[in-house]
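Every chain is numbered from 1 and lettered A, B, ... according to where its sequence line falls, protein lines coming before strand lines.
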Amino acid sequence: MIVGVPKETKPDEYRVAMMPVGVEELRRSGHRVLIQSGAGLGSGIADERYSAVGGEIVTDAKEVWAQADLIVKVKEPLPEEWPLLRDKQTVFTFFHFAADDRLTRAVMASEIIAIAYETIRDKKGTLPLLTPMSEVAGRMSIQEGAKYLERPQQGRGILLAGVPGVPPANVVVLGGGSLGPMLPRLLRAWALM
Amino acid sequence: MPRNVTTLFSDRHTLIDLISRADLVIGAVLIPGARAPMLIRREDLARMPPRAVIIDVAIDQGGCIETSRPTTHAQPTYIVDEIVHYCVTNMPGAVGRTSTQALTNVTLPYILQLANKGIDKACRENPALAEGVNIHKGLVTNKAVADTFGFPYVPYNSI
């Protein structure tokens with residue numbers, strides 16, 4: 001099988017869907033792996049690290065999409081990428097279809113097989129591919145919240161964690177999604193109410 | 001739960017009471033596959049302290065605040081009715097070195113299954129993967145997605 005890893009196209013998206021260890025494992029099983037040049041740079045992974053373990057570096061995203069049986073990505077395909085989707089191709093990425101009817105229609109029309117990270121659910125009922133990113137977003141939500149509470153950032157001018165003698169910010173968390181189990185620990189770490 | 005955290009049953013009255021005293025609201029409601037439910041309406045913003053901050057982590061599933069709309073890391077926030085909204089759709093993308101490792105640690109075993117067994121065999125042998133198939137050659141195979149847009153739902157196992 002030919003596995004393709006395009007560079008992410010969303011603004012300020014620095015993730016990549018495969019690290020060199022993935023290329024090595026796939027090569028060991030006899031697959032070809034196409035990596036778009038520069039795909040790993042945002043995560044500090046140069047092309048050479050992929051080619052050193054047998055990855056084929058491809059300059060053009062179109063070529064990755066045109067050749068790969070299985071495309072592995074991070075974010076959903078953006079409108080510029082929709083014409084590149086090919087029938088009989090499988091795309092494995094975050095799709096979040098319910099938030100985007102145009103994407104849903106484009107993917108239906110393309111006849112691909114769309115496997116979404118966010119709905120993979122294991123025997124225990126957990127969402128193993130969504131959870132690690134929720135863990136990141138949950139941690140970030142506290143630090144970003146802290147930042148935007150600062151007055152120059154248009155916030156109320158409150159230090160999230162407070163100081164001795166001055167109470168911390170009041171934080172309300174809506175929902176026990178996959179952030180649920182982790183947020184209380186974080187809030188405690190920040191000494192929040 | 002740690003002592004500084006209180007869990008409360010979610011109803012409209014409790015919610016309004018809470019957000020009227022909140023400095024920071026984190027929206028983290030998830031219904032897998034479906035659009036996030038809208039918990040805070042536009043008129044509720046007037047009850048919140050001015051310049052309170054809402055971080056809508058559910059934004060990539062549509063968001064759980066009526067006034068949420070997707071933003072980017074370049075311009076993460078905007079203000080509606082005196083409330084700061086932060087709705088970046090790819091928060092983990094900002095910390096690529098951490099997120100790439102965390103993501104690929106868990107995706108690689110599934111990628112290997114798909115490549116080694118072939119797509120259909122891998123999905124039939126691993127129900128977790130089958131749950132991931134949202135759209136299969138034009139057919140919507142995830143019930144939450146089908147229901148969101150009113151498309152017919154075709155279970156993957158029936159294909």
Item to check | Per-residue contact mode, A:L129 against chain B (heavy atom under 4.5 angstrom) | outcome: both
Checklist outcome for this item: In terms of heavy-atom contacts, A:P128 and B:Y110 come closest through CG-OH, 3.6 Å
Next on the checklist: So, taking the atom named NZ in A:K73 and the one named OG1 in B:T107, what distance separates them when rounded to the nearest 0.5 Å?
Outcome noted: 13.0 Å
Checklist entry - In Å and rounded to the nearest 0.5 Å, what is the NE2 to CD1 distance from B:H136 to A:I115? => result 8.5 Å
Checklist entry - Are any side-chain N or O atoms of B:R51 and backbone N or O atoms of A:Q154, one a donor and one an acceptor, separated by less than 3.5 Å? => result yes
Item to check | CZ-CD1 distance between A:R156 and B:I83, expressed to the nearest 0.5 angstrom | outcome: 8.5 Å
Next on the checklist: With a 4.5 angstrom heavy-atom cut-off, is it the side chain or the backbone of A:A17 that approaches chain B, or both, or neither?
Outcome noted: backbone
Next on the checklist: If the contact rule is any heavy atom under 4.5 Å from chain B, which residues of residues 57-68 of chain A qualify, in numerical order?
Outcome noted: none
Item to check | Leading residue by heavy atom contact count with chain A [cutoff under 4.5 Å; candidates B:S99, B:P32, B:G62, B:G33] | outcome: B:S99
Checklist entry - Is the shortest heavy-atom distance from the side chain of A:F97 to the side chain of B:N142 under 4.5 Å? => result no
Item to check | Greatest number of heavy atom pairs closer than 4.5 Å to chain A - which of B:Q101, B:R21, B:Q61, B:R35 | outcome: B:Q61
Checklist entry - Atom CG of B:L129 and atom CG of A:D122: how far apart are they, to the nearest 0.5 Å? => result 11.5 Å
Checklist entry - B:K137 and A:I113: side chain to side chain contact (heavy atoms under 4.5 Å, CB included), yes or no, with the steps? => result CA-CA 6 Å; B:K137 300 179 181 174; A:I113 300 173; 4.1 Å; yes
Checklist entry - Side chain, backbone, both or neither: which part of A:D87 has an atom under 4.5 Å from a heavy atom of chain B? => result neither
Checklist entry - Under a 4.5 Å cut-off applied to non-hydrogen side-chain atoms, are B:F151 and A:M108 in contact? => result yes
Checklist outcome for this item: The interface call for A:D100 against chain B, heavy-atom contacts under 4.5 Å, is backbone
Next on the checklist: Quick check: under 4.5 Å, non-hydrogen atoms only, which of residues 86-96 of chain B neighbour chain A?
Outcome noted: B:Y86, B:T89, B:N90, B:M91, B:P92, B:G93, B:A94, B:V95, B:G96
Checklist outcome for this item: Bottom line for B:I54: the part with an atom under 4.5 Å from chain A's heavy atoms is neither
Next on the checklist: Between B:I111 and A:L26, is there a side-chain heavy-atom distance shorter than 4.5 Å?
Outcome noted: yes
Item to check | Worked check of side chain to side chain contact (heavy atoms under 4.5 Å, CB included) between B:V53 and A:E144 | outcome: CA-CA 10 Å; B:V53 176; A:E144 297 297 288; over 6 Å; no
Checklist entry - Among B:T148, B:L39, B:T104, who wins on heavy-atom pairs under 4.5 Å with chain A? => result B:T104
Next on the checklist: Walk me through whether B:V84 and A:L149 qualify under side chain to side chain contact (heavy atoms under 4.5 Å, CB included).
Outcome noted: CA-CA 9 Å; B:V84 179; A:L149 277 171; over 6 Å; no
Checklist entry - In terms of heavy-atom proximity below 4.5 Å to chain B, should A:I112 be classed as side chain, backbone, both, or neither? => result backbone
Checklist entry - Do A:D12 and B:T72 have side-chain N/O donor and acceptor atoms under 3.5 Å apart? => result no
Checklist entry - Quick one: are A:P168 and B:D23 in side-chain contact, heavy atoms under 4.5 Å? => result no
Checklist entry - Does any heavy atom of chain A fall under 4.5 Å from the side chain of B:I135, the backbone, both, or neither of them? => result both
Item to check | Options B:T100, B:N116, B:L103, ranked by heavy-atom pairs under 4.5 Å with chain A, top entry | outcome: B:T100
Next on the checklist: Under a 4.5 Å cutoff for heavy-atom pairs, which residue among B:V145, B:L139, B:L112 has the most contacts with chain A?
Outcome noted: B:L112
Checklist entry - Can you say whether A:Y148 sits under 4.5 Å from chain B via the side chain, the backbone, both, or neither, judging by heavy atoms? => result both
Checklist entry - Nearest 0.5 Å, what's the CZ-CG distance between A:F92 and B:L114? => result 5.5 Å
Item to check | Under 4.5 Å from a heavy atom of chain B, the part of A:M1 involved | outcome: side chain
Checklist entry - Between A:N170 and B:L24, is a side chain to side chain contact (heavy atoms under 4.5 Å, CB included) present by the stated rule, with each step listed? => result CA-CA 6 Å; A:N170 267 321; B:L24 173 61; over 6 Å; no
Checklist entry - Under a 4.5 Å heavy-atom cutoff, which of B:G138, B:A36, B:P76, B:A128 has the most pairs with chain A? => result B:A128
Checklist entry - Of the backbone (N, CA, C, O) and the side chain (C-beta and beyond), which part of A:T104 lies under 4.5 Å from a heavy atom of chain B, both, or neither? => result both
Item to check | Shortest non-hydrogen contact from B:G132 toward A:T119 | outcome: CA-OG1, 3.4 Å
Item to check | Structural part of A:V16 lying under 4.5 Å from a heavy atom of chain B | outcome: both
Item to check | Neighbour count >12 (heavy atoms, 6.0 Å) for atom CZ, B:R47 | outcome: no
Item to check | Non-hydrogen side-chain atoms of B:L15 and A:V172 separated by less than 4.5 Å | outcome: no
Next on the checklist: Taking the side chain as everything from C-beta on, heavy atoms only, tell me whether B:L18 gets closer than 4.5 Å to A:L174.
Outcome noted: no
Next on the checklist: Please find the pair of heavy atoms, one from A:G22 and one from B:L108, that lie closest to each other, and give the distance.
Outcome noted: CA-CD1, 3.6 Å
Next on the checklist: Side-chain heavy atoms nearer than 4.5 Å, only ILVMFWY residues, links allowed to pass through others: does that put B:I59 and B:L45 together?
Outcome noted: no
Checklist outcome for this item: Heavy-atom closest pair (A:M133 atom, B:A102 atom, distance to 0.1 Å) is CE-CB, 3.8 Å
Next on the checklist: Can you tell me how far apart CD (A:Q89) and CD1 (B:I119) are? Round to the nearest 0.5 Å.
Outcome noted: 10.0 Å
Next on the checklist: What part of B:A34 gets within 4.5 angstrom of chain A, counting heavy atoms only: side chain, backbone, both, or neither?
Outcome noted: backbone
